Amino acid sequence: MVSNSQSAALIELRRVGKTYRGGTNALENVDTRIEQGSFVSLVGPSGCGKSTLLRIVAGLIAPSSGEIAWPATGGARPADIGFVFQDATLMPWARVFDNIYLPLKLRNVSRKDATPRIMDALKRVGLEDFAQSFPRELSGGMRMRVSIARALVTRPPVLLMDEPFAALDEFTREKLDDDLLELWRGENWTVVFVTHSVYESVYLSERVLVMGARPGRILHDIAIDAPYPRGRAFRESHDYVTRCAEISAALREGAVA
Ligand code: ADP
């Protein structure tokens, strides 16, 4: 098992709140620590602030109150944070290679120096033969893999994923879940994964944070201590079903509260 529960917190949210202009109280008093190397999912009803929390962690928006700290890196947010969204957000006019080159190009890395890194990222998501394809020539699942390769190419220590597989069919989604776990176990990544799916959260994570709305906050912090690798046997186990039921109940409780 790749649990790093003994290591220092990478991300620490201290009483984080966010009120948008217009007055929406999207988050209130969010307190949590995310360990380096861990896999944490956020689940909760629409509008409970999952994306807002992810964007605060990414540094794309600032909290209105409280603070976010990075103890494991001496306080500074890592320079590279990978962010994967629900839609693959690829440039349709550019080949797969150039889509993945973009974050390196923005860092002034030459095409020649970038090439082995791009090919390595493509290999890691199983698309090394598609560097010269255009996004329209790929399936939805393949486009999502390209998007993941683009997030990986800078070798970020943190990967933030906002419902990355929600638009895909179940079969493709399960395959990408497995591939993601394989990648995570091979790197020293910290993954924060937003999903609507209780099943997906339990399958993937070491911890599931169940959020409630109005104001958005963390209601439950549930450890999923089943060993990795987690394959079909885990998906079909009594243990898995029980854990999914537990999280569904926590979600319902949040919806009622
Ligand atoms: P979730 O990801 O859980 O669906 P969000 O973080 O997207 O939730 O949104 C939380 C709340 O904040 C919602 O009520 C949403 O309408 C509001 N919100 C999100 N982004 C903005 C924004 N840029 N400006 C104003 N309100 C926003």
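Predicted model only: the values in this text are computed from it and were never measured. Note that ligands are numbered from 1 as they come in the structure, with each ligand's atoms numbered from 1 the same way.
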Applying a 4.0 Å heavy-atom criterion (strictly less than), which segment of T24 is in contact with ligand 1: side chain, backbone, both, or neither?
side chain
Note the single closest protein heavy atom to atom 8 (O) of ligand 1, along with its residue, its atom name and the distance in Å.
G49 N, 3.2 Å
Can you list, pair by pair, the side-chain donor-acceptor contacts under 3.5 Å of residues 114-121, counting residues two or more places apart and other chains?
| residue | atom | partner | partner atom | Å |
| --- | --- | --- | --- | --- |
| T115 | OG1 | R111 | O | 2.7 |
| D120 | OD2 | R124 | NE | 3.4 |
| D120 | OD2 | R155 | NH2 | 3.3 |

Could you tell me the residue and atom name of the protein heavy atom closest to atom 1 (P) of ligand 1, and the distance to it rounded to 0.1 Å?
G47 N, 3.5 Å
Determine, for Y203 and R235, whether the Lys NZ or Arg CZ falls below 6.0 Å from the six-membered ring centre while staying within 45 degrees of the axis.
yes
Under 4.0 Å from a heavy atom of A26: give me the atoms of ligand 1 that qualify, with their elements.
10 (C), 11 (C), 12 (O)
At what distance is the nearest protein heavy atom to atom 7 (O) of ligand 1, and which residue and atom is it?
S51 CB, 3.7 Å
Please confirm whether C48 comes under 4.0 Å of ligand 1, counting heavy atoms of the residue only.
yes
Test your reading of the structure: does R21 have an N or O sitting under 3.5 Å from an N or O of ligand 1?
no
Check for me whether the distance between the ring centres of W189 and F39 falls short of 6.0 Å.
no
Any chance OH of Y101 has more than 12 other-residue heavy atoms, nucleotides or ligands included, within less than 6.0 Å?
yes
Just which atoms of ligand 1 are under 4.0 Å from any heavy atom in K50?
1 (P), 2 (O), 3 (O), 4 (O), 6 (O), 8 (O)
K18 side-chain N/O to G49 backbone N/O, donor-acceptor pair under 3.5 Å:
no
For ligand 1, which atoms sit closer than 4.0 Å to a heavy atom of R55?
20 (N)
Please enumerate all residues that pass side-chain hydrogen bond (donor to acceptor under 3.5 Å, both in side chains) together with S51, with sequence neighbours excluded.
D162
Of all the heavy-atom pairs spanning E200 and D177, show the shortest one and how long it is.
OE2-OD1, 2.7 Å
Under the salt bridge (Lys or Arg N to Asp or Glu O under 4.0 Å) test against D179, which residue among R185, R173, R145 passes?
R145
Which residue and non-hydrogen atom of the protein lie closest to atom 6 (O) of ligand 1, and at what distance in Å?
T52 OG1, 2.5 Å
Closest non-hydrogen protein atom to atom 23 (N) of ligand 1, residue and atom name please, with distance?
Y20 CE2, 3.7 Å
Could you see which bit of K18 sits under 4.0 Å from ligand 1, with heavy atoms only: side chain, backbone, both or neither?
neither
Given S201 and S41, is the side chain to side chain donor-acceptor pair (under 3.5 Å) satisfied, shown in steps?
CA-CA 6 Å; S201 74; S41 285; 5.3 Å; no
S46 neighbourhood, listing ligand 1 atoms whose heavy-atom distance to it stays under 4.0 Å:
4 (O)
Protein heavy atom under 4.0 Å of atom 15 (C) of ligand 1
no
